[in-house]
Amino acid sequence: MNARMGKSICPSLHSSLFMNAMESSKKIIVYQIFTRLFGNRNDTCKPNGTIEENGSGKMNDIDAKVLRQIRAMGVTHIWLTGIIRHATQTDYSAHGIPRQHPDVVKGRAGSPYAITDYYDVDPDLAVDVDSRMEEFVQLVERIHKVGMKVVIDFVPNHVAREYHSICKPAGVKDLGEEDDVNMHFSTKNNFYYCWGQTMQLGDYTETPAKATGNDVFSASPSQNDWYETVKLNYGIDYCDAGGRSEHFTPIPNTWGKMTDILLFWAAKGIDGFRCDMAEMVPSAFWTWATDKVKFRYPEKIFIGEVYDPNQYRRYIGAGFDYLYDKVGMYDCIRDVISHRRRAADITTQWQQTDDIRRHMLYFLENHDEQRIASPFFAGDARKGVPGLIVSALFGQNPFMLYAGQEVGEPGMDAEGFSGCDGRTTIFDYWNVGSLRRAYFDRRRMTKGERALEQTYSKVLQMAVSERAVTDGQAYDLMYVNPQLADRQFAFLRSADNELLIVVANFEDQPVSTSLVIPRHAFEFLQLPQTEATATDLLTGKQQKLLLYPDTPMSIELPANGGIVLKISK
């Protein structure tokens, strides 16, 4: 099957007008910022340290200068992770914020996915705790002012054990406030209850016990469960005598409350939601909620964390604009980078979602996954570059990167609750050295960090400004180039009078090889048959190519890199 890409509207742009190109590009590049860590310049880094010892990044640290630097890399959307107030061991009771029991908080700082108040902002992120919402709105305005959009987390499946909103609007009933705790399940209840059972987690006691966020319907979740969270009830009885049953008429109480929360944040000026564990919430709710949000705010986008490929089309149909392509493309490219799979397997992955590819979000890192530079993944951030080239340039669908990825952050600190596992902590107060250097003390950046950052910038800028990517069609060349199948991946991108020949090299050494463009590609993309001058957009070097059907052309590929040869037809 040919990689036929639909067209989006984007004006013809000269490469020197890169910033203007971003304004018109339909290609989305999402930059994930874990807000608590990003701006922190306290280098104490004491394992299990308090906020007083280790410090915390603030929303105000993400100033206009930082934002312009991020945007110049090609980023169109910033995903601010951890904005909504969540459970923490830090005491903010002096500001009227309820304390959380430490036995149901993971880490000193707490998980950003154990929400304690859907209508509030995490006080760790504010310079003035009592003005935390105003500081958030100002950050949104700064991001918009430099020409980017804002995505925040929406955590719909579960809340913290001690959820209690102190910032809900007048007239809003709190989650669980009107629940009948004597019923295991009711569509009027927001939570599930374990009849007559008490939950004991350390010194924390809960009676009656509520079901745990990862669908544990007992009073005894394990340390490996999401024990700090409570499952929300969207009208599914998971313990029905006849098995799981759905009760969506009348509309469950939780549906209205959670949709109101979406509308509350939409009114703050954000541009979209990254919806945590979206597939653990019934698609019927998403159909109902996204319709209501988009009726009032048509431009808002929804990004869903959905891991089951069998559910992709259902959740897209329920209103999601984009879904994680984790189990397919991420897992495949990670294995290719790690030399566990052949590069030709990438073809199989895009073909499996060909009909919905515009909706698939590609990525190589996020807060859940191990860093490329960690020994748990590739051990060297440069080995991720060919994966970047493929993920960012093959399709018109979005690409996401995690702050620090562009400078090779290894994620190998043992921060406290989060051990040394190749991931950057989401539970602890910490300083990420590579981020501090890249955005707040560039004089201390290493040569390797600078070189990798430059490569990321070049590739991401191409993704949003080259018309062959933003407005063109793709053609997979692997079926006529079996010599590339193990360690290289090759494809074309074409729009009007511009052609890109892209070859990514996953080999750890330079490779001299050949590339064939079949006659069908010439016909499908209306390519001229000629001797052409091509410019490698990664290096600026030029070379002559014989652009004829089924005629091998010689190419030189750098180790763990690639070529992006641009030809004007």
Side-chain angles (χ1 to χ4, degrees), residues 36 46-54 56 82-126 129 132 153 155-168 173-179 181 189-233 261 276-277 415-419 425-430:
R36 185 203 307 143
K46 176 184 175 181
N48 292 305
T50 64
I51 191 171
E52 291 80 12
E53 293 167 327
N54 284 355
S56 174
I83 290 295
I84 301 178
R85 181 159 67 81
H86 60 266
T88 178
Q89 294 187 37
T90 301
D91 182 5
Y92 285 104
S93 58
H95 300 274
I97 299 172
R99 295 192 67 176
Q100 301 290 303
H101 196 292
D103 288 338
V104 284
V105 179
K106 290 183 176 178
R108 288 275 193 176
S111 168
Y113 297 102
I115 301 298
T116 52
D117 189 343
Y118 278 118
Y119 291 99
D120 200 1
V121 169
D122 177 12
D124 284 348
L125 309 180
V129 171
R132 56 195 181 274
D153 283 294
V155 187
N157 176 66
H158 50 268
V159 296
R161 283 278 166 202
E162 297 183 294
Y163 182 92
H164 172 61
S165 176
I166 61 171
C167 294
K168 62 184 184 296
K173 296 292 186 181
D174 217 358
L175 288 166
E177 183 177 335
E178 299 180 306
D179 279 9
V181 300
N189 282 358
N190 301 132
F191 302 125
Y192 298 91
Y193 296 90
C194 303
W195 300 296
Q197 298 182 48
T198 295
M199 176 176 291
Q200 193 75 41
L201 295 170
D203 292 330
Y204 173 80
T205 301
E206 182 179 282
T207 303
K210 302 183 187 74
T212 296
N214 60 323
D215 295 356
V216 176
F217 295 91
S218 79
S220 303
S222 75
Q223 286 296 306
N224 295 322
D225 289 318
W226 305 348
Y227 62 84
E228 82 282 20
T229 68
V230 176
K231 174 80 173 179
L232 284 171
N233 169 13
I261 291 163
D276 184 68
M277 298 307 298
E415 303 98 338
F417 186 88
S418 180
T425 182
I426 65 170
F427 305 106
D428 305 286
Y429 296 111
W430 204 252

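Heavy atoms only: backbone and side chains are in, while hydrogens, waters and symmetry mates are out.
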Nearest atoms (heavy-atom pairs only) where [X] meets [Y]:
| X | Y | result |
| --- | --- | --- |
| C194 | A219 | SG-N, 4.0 Å |
| W226 | G213 | CE3-C, 3.5 Å |
| V129 | P123 | CG1-CB, 3.8 Å |
| Q89 | G107 | NE2-O, 3.1 Å |
| V104 | Y204 | CG1-CD2, 3.5 Å |

When you measure from the side chain of [X] to the backbone of [Y], do you find a donor-acceptor pair of N or O atoms at a distance under 3.5 Å?
| X | Y | result |
| --- | --- | --- |
| R161 | K210 | yes |
| T212 | N214 | no |
| T198 | A209 | no |
| E162 | H101 | yes |
| N54 | Y429 | yes |
| D153 | V155 | no |
| S418 | E415 | no |
| Q223 | D225 | no |

What's the spacing between [X] [atom1] and [Y] [atom2] if we round to 0.5 Å?
| X | Y | atom1 | atom2 | result |
| --- | --- | --- | --- | --- |
| E177 | H164 | CD | NE2 | 9.0 Å |
| H86 | D122 | NE2 | CG | 4.5 Å |
| R132 | I97 | CZ | CD1 | 4.0 Å |
| S56 | R108 | OG | CZ | 14.5 Å |
| D174 | Y163 | CG | OH | 5.5 Å |
| R99 | T88 | CZ | OG1 | 10.0 Å |

Between the side chains of S93 and D91, does any donor sit under 3.5 Å from an acceptor?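 Result is yes, a qualifying pair exists.
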
I'd like to check [X] versus [Y] (side-chain heavy atoms, cut-off strictly below 4.5 Å). Are they in contact?
| X | Y | value |
| --- | --- | --- |
| V216 | Y227 | no |
| L125 | R36 | yes |
| S111 | E228 | yes |
| P98 | T116 | no |
| M199 | P221 | yes |
| D276 | H158 | yes |

Tell me, please, which residues at least two apart from Y119 pass ring pair (Phe, Tyr, Trp, His ring centres under 6.0 Å).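 For Y119 the ring pair (Phe, Tyr, Trp, His ring centres under 6.0 Å) partners, ignoring immediate neighbours, are F264.
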
So, are K231 and D215 salt-bridged, with charged N and O less than 4.0 Å apart?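 So K231 pairs with D215 through a salt bridge.
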
Please verify the inter-ring angle class for Y192 with F217; under 30° counts as parallel, over 60° as perpendicular, anything in between as tilted.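 Perpendicular: the ring planes of Y192 and F217 meet at over 60°.
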
Please work out which of the three classes, parallel, tilted or perpendicular, describes the rings of F191 and Y193, given edges at 30° and 60°.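 It falls in the perpendicular class, over 60°.
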
Contacts of type side-chain contact (heavy atoms from CB on, under 4.5 Å), residue N48, not counting sequence neighbours: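 Per chain and number, N48 pairs via side-chain contact (heavy atoms from CB on, under 4.5 Å) with D428.
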
How would you list, by chain and number, every residue that makes a salt bridge (charged side-chain N to carboxylate O under 4.0 Å, His left out) with R85, sequence neighbours excluded?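 D117, D120.
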
Taking T90 as the fixed residue, which of V105, I51, T50 is the one that meets the side-chain contact (heavy atoms from CB on, under 4.5 Å) rule?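 Output: one option passes, namely I51.
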
